[in-house]
There are 2 protein chains.
Amino acid sequence: MTSTDSAAPVSVTDSAYDVFARACPSRGTLEHVTGRWGALTLGALHEGSFRFNELRRRVDGVSEKMLSQTLQALERDGLVHREAQPTNPPRVDYELTPLGHEVAGRLLALIEFVEGRMDDVLVARERYDAERGGR
Amino acid sequence: MTSTDSAAPVSVTDSAYDVFARACPSRGTLEHVTGRWGALTLGALHEGSFRFNELRRRVDGVSEKMLSQTLQALERDGLVHREAQPTNPPRVDYELTPLGHEVAGRLLALIEFVEGRMDDVLVARERYDAERGGR
DNA sequence: CGGGATCCGGCTTGATACTG
DNA sequence: CAGTATCAAGCCGGATCCCG
C-alpha cells in the first residue's frame, strides 16, 4: 500500500510482477512457495502444527513482518490453515492443508535433491571460478 | 559490484542473503533455480538447446542483463552448459547438463502440480478475499 | 502472545548505450 | 549476435511502535 497499490489485499512478492501474474496465474503462487520465506515456512510446517512465535524460532532469521506476510499469502492460496482461538492470551496455530502438504512434499523433494548434489555443484563452482574468476 | 561487493564473481540474488548462504550452501543454488528467471530459464532449456537471443524470446520479459546473470549463475552451479563458437557473428548455445535436467525435471514437476491445482488455489483466494477483503 | 502500520536503507532490476 | 557497464528507480525486507 506504499504507492500505487490499492486493489490487492496481500502481495508479498507480486507488486512488480503483476504482468506475469496476469500472463500466468500460477506464477504468483509459485513465488510464494519457492520464495525464500515461503519455502522455509512450508518446510517447517511440513513437520507439524505450530504457533506464530514457534514458527519464528523454526524459520530462523525471519522477521515478524515477513512471517506474517508469508503466512497470509500461503493461507490465501489455500496451502496453510490458520486456527485462531479467542483465548487470553491469544493462541493461533498454523498447519498445512492437504494441498499444502502435497506442494510442500514436492518442494522438499527438489530441495533435498539439490542438497544431495551440492558436492557436484561446489565442484562446478570451483572450476568456473578458477577459469573466469582468476582474471 | 555496485557497493560493498568485491569477492563474488556472480551473484544474481545472493548479495543480500550471504548470511543464509553461509548457514546453508544449497540455499544459494535453490534461489537460482526457483527464482523468477531461473525457473523460466530452466523450463525453456528443458526443451532443448538455444542461443542467447532465442532464449530471450522464449523467456518472455527477461532483460539481457538478467538473462545473462541467470545463465552465468546456472552455469556456475553446473546446471547449464555454455558452448561458444568463435565464429563471426558469434554463436553461443546453452543447454542443460545432466544434473540440470534432473533439477529442471523436479522443478517442473512442482510447477505443473501447482498449475494443475490452480483452480483450488483460485477458489481459496476468493474465499479469503471475500472474508477479509470485504472490509 | 499475535499481528498491523509505518519509515527507511540497500539491493535488485530494467533501460540505455557501448564493445567485439 | 552476444554480451558488459552505467545509472536511476523501485521493491523487499528489517526495525520499531502500537494495538487487541
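Given the structure is predicted, the values throughout are model-derived calculations rather than measurements. First the proteins, then the strands, lettered A, B, ... as listed; each starts at 1.
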So, is Asn53(A) near the phosphate of dG2(C), with a side-chain N or O under 4.0 Å from OP1 or OP2? yes

Taking all non-hydrogen atoms of both residues, which atom of Arg58(A) and which atom of Ala44(A) are closest, and how far apart? NH1-O, 3.8 Å

Glu64(B) CD - dA5(D) P separation (whole Å): 13 Å

Can you tell me which nucleotide in dG3(D), dG3(C), dG13(D) comes closest to the side chain of Met66(A)? dG13(D)

Spacing of Arg91(B) atom CZ relative to dC1(D) atom P, expressed in whole Å: 12 Å

Could you give the CD-to-P distance, from Glu75(B) to dG3(D), as a whole number of Å? 9 Å

Check the phosphate of dG2(C) against Ser68(A), side-chain N and O only, distance under 4.0 Å to OP1 or OP2. Yes or no? no

End axis versus end axis in the helix from dC1(C)-dG20(D) to dG20(C)-dC1(D), the angle rounded to 10°, five pairs used at each terminus: 40°

Return the value, rounded to whole Å, for the distance between atom CG of Leu40(B) and atom P of dT13(C). 13 Å

Whole Å only: how far is the CG atom of Leu67(A) from the P atom of dA15(D)? 14 Å

Please say which of Leu107(B), Val59(B), Thr70(B) ends up in a side-chain contact (heavy atoms from CB on, under 4.5 Å) with Leu42(B). Leu107(B)

Nearest-nucleotide pick for Trp37(A), side chain only, options being dA2(D), dG13(D), dG2(C): dG13(D)

Please report, rounded to the nearest Å, how far the P atom of dG2(C) is from the CG atom of Asp93(A). 8 Å

First encountered from the 5' end of DNA chain D, between Pro89(B) and Lys65(B): Pro89(B)

Is Arg51(A) near enough to dC1(C) that one of its side-chain N or O atoms lies under 4.0 angstrom from OP1 or OP2? no

Side-chain heavy-atom pair Leu40(B), Val62(B) within 4.5 angstrom cut-off: no

Examine dG3(C): is either OP1 or OP2 under 4.0 Å from a nitrogen or oxygen in the side chain of Gln72(A)? Give yes or no. no

Applying salt bridge (charged side-chain N to carboxylate O under 4.0 Å, His left out), name anything that partners Arg127(B), two or more places apart in sequence or on another chain. none

Value in whole Å for how far the P atom of dA2(D) lies from OH of Tyr94(B): 8 Å

Roughly how far, to the nearest 0.5 Å, is OH of Tyr128(A) from CZ of Arg82(B)? 7.5 Å

I need the CZ-P distance between Arg56(A) and dG3(C), as an integer number of Å. 12 Å

His46(B) and His101(B) have their tightest heavy-atom pair at CD2-CD2, 3.3 Å

Applying side-chain hydrogen bond (donor to acceptor under 3.5 Å, both in side chains), which residue pairs with at least one partner in residues 102-115 of chain B are found, sequence neighbours left out? Ser26(A)-Glu115(B), Arg117(A)-Glu102(B)

